[in-house]
Protein chains: 2
Amino acid sequence: MVLDTGFALLADDGLAGLSMRALADRLGVQAPALYWHFTSKSELIGMMALALYHDARCAPPAGGDWQDWLISYGRALHQKLTGLRDGARLCAMAEPMRSKASLTAPAIAAPLTDRGLDQGFALDAIASVTSLALGWASFEANAPMHALLDGMIDVQRSFERGLAALVTGLAGGVSQNPAG
Amino acid sequence: MVLDTGFALLADDGLAGLSMRALADRLGVQAPALYWHFTSKSELIGMMALALYHDARCAPPAGGDWQDWLISYGRALHQKLTGLRDGARLCAMAEPMRSKASLTAPAIAAPLTDRGLDQGFALDAIASVTSLALGWASFEANAPMHALLDGMIDVQRSFERGLAALVTGLAGGVSQNPAG
DNA sequence: ACCTGAACACCGTTCAAGT
DNA sequence: ACCTGAACACCGTTCAAGT
């Protein structure tokens, strides 16, 4: 699979090294050949980002309530984004893909609606947890925010606190937004 | 100021149009001249990102408690990141700047420590709110997550909910992490 | 259906040289 | 101190042409 080679290249050389020519090289092919399979580099990156999100969605175990699922998902996503070199940058850069419908809203919400949440609330919750994980990963890797991070003893622990606070706060809002 | 021209160029042509040559053009100068003022394009982008964060930090009004400050700051940051074309992508891409110490941890925490929080907790809280705003802005602009966003009636409102939940959750944790 | 060779219009960056 | 001209080593992408 081309995407796997892309991930390997990303891990080795970072986002700057992820060029169509370098990727083609690893596949034993010329760069223009890639344009038979992908319409653009943008699409390739979009599909890589989608693969990352998909992995995180599959990470949480079957049991538990919706709060367990959110915590587990957020942790997995954060882990994937910081574990892979430039993973956060990749996902933050990915441009909108008009073509692929990917997943439908009910399908995305399913893990939470299965656990009793209504769909609107479920989408909000997933969006917020995804944002928190992506945002954290972004400026752990990046950021002109190093002073901030240097002041914190354990970044991992701080992320966990934020995640727990968010999910707790969401749970508090459920009463106004009945779960069914 | 060169940064202002950079922001104007970003607003007009997006991140793809923000090249050293194009920027130099707007300044009536040749591209290599920019390397007298900045060591690299990375540094330029880093400084633009820093300017964005700084503006958001200055946005909250003087009164109110620490929760008011966080909400106001989060809202301002999200607004800045989505209001400026490719603003989120710019901040997510910015590479770490080893050189400029920018702000010290106590200075960053000040708006919250002034309102009675201890510094460790303050840094955690700011980091989480910043992450949430950056993450939301990232995949509002980007994302292979369009199905998710399409399922939500009002993105702005959903972000507000997430922000409120996070701050509420943080407030719940304060009892364990005394405020002084 | 899948790939190559050659080319186009760009990049960021360096560096001697100018003033 | 500040800028130019010319160049280097790259990019993403297109397109005719091959098999």
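Order of the sequence lines fixes the chain letters, A, B, ..., with proteins taken first and strands second; residue numbering starts at 1 for each chain.
- For Ala33(A), counting side-chain heavy atoms from C-beta on, the closest listed nucleotide (dT13(C), dC11(D), dC3(C)) is dC3(C).
- Both Thr39(A) and Ala22(A) sit near DNA chain D, but only Ala22(A) has its closest nucleotide nearer the 5' end.
- For His37(A), no side-chain nitrogen or oxygen approaches OP1 or OP2 of dA1(C) to under 4.0 Å.
- The distance between atom CD1 of Ile45(B) and atom P of dT13(C), rounded to the nearest whole Å, is 9 Å.
- Following rounding to the nearest Å, Glu95(A) (CD) and dG12(D) (C1') show an atom-to-atom distance of 13 Å.
- In this structure, Phe38(A) atom CZ and dC3(C) atom P are separated by 12 Å, rounded to whole Å.
- If you measure from atom CG of Asp25(A) to atom C1' of dT4(C), you get 14 Å, rounded to the nearest angstrom.
- Here the P atom of nucleotide dG12(D) and the CG atom of Leu34(A) are 10 Å apart, to the nearest Å.
- Atoms CE (Met20(A)) and P (dT4(C)) sit 13 Å apart, rounded to a whole Å.
- Picking from dT4(D), dT13(C), dG12(D) the nucleotide with the shortest atom distance to the side chain of Arg21(A) gives dG12(D).
- No more than 12 heavy atoms of other residues, nucleotides or ligands sit less than 6.0 Å from atom NE2 of His54(A).
- With rounding to the nearest 0.5 Å, the separation of CG in Asp55(B) from CZ in Arg57(B) is 11.5 Å.
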Candidate pair Asp68(B) and Arg115(B), rule side-chain contact (heavy atoms from CB on, under 4.5 Å), full reasoning: CA-CA 10 Å; Asp68(B) 296 329; Arg115(B) 287 166 173 86; over 6 Å; no
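- Helical stems in DNA chain D, defined as runs of 3 or more consecutive Watson-Crick or G-U wobble pairs with both donor-acceptor distances under 3.5 Å, are listed by first residue as C:4-8 with D:12-16, C:12-16 with D:4-8.
- Of the candidates dT4(C), dT13(D), dC15(C), the closest approach to any side-chain atom of Gln30(A) belongs to dT4(C).
- No side-chain donor-acceptor contact under 3.5 Å links Glu140(A) and Thr82(A).
- Considering CG of Asp124(A) and CD of Glu160(B), their distance stands at 11.5 Å, rounded to 0.5 Å.
- Residue Pro32(A) places its side chain closer to dG5(C) than to any other of dG5(C), dA6(D), dA7(D).
- The Tyr35(B) side chain lies nearest to dG12(C) when the options are dT4(D), dG12(C), dG12(D).
- The CG atom of Leu23(A) sits 15 Å away from the C1' atom of dC3(C) (whole-angstrom rounding).
- Between Trp69(B) and the choices Val129(B), Leu117(B), Ile126(B), the side chain to side chain contact (heavy atoms under 4.5 Å, CB included) rule is met once, by Ile126(B).
- Distance CG (Leu27(A)) to P (dC3(C)): 9 Å, rounded to an integer number of Å.
- The side chain of Trp36(A) places an N or O atom within less than 4.0 Å of a non-bridging phosphate oxygen (OP1 or OP2) of dC2(C).
- Residue Trp36(B) is not grouped with residue Val29(B) when hydrophobic side chains (ILVMFWY) are merged at heavy-atom distances under 4.5 angstrom, including chains of intermediate members.
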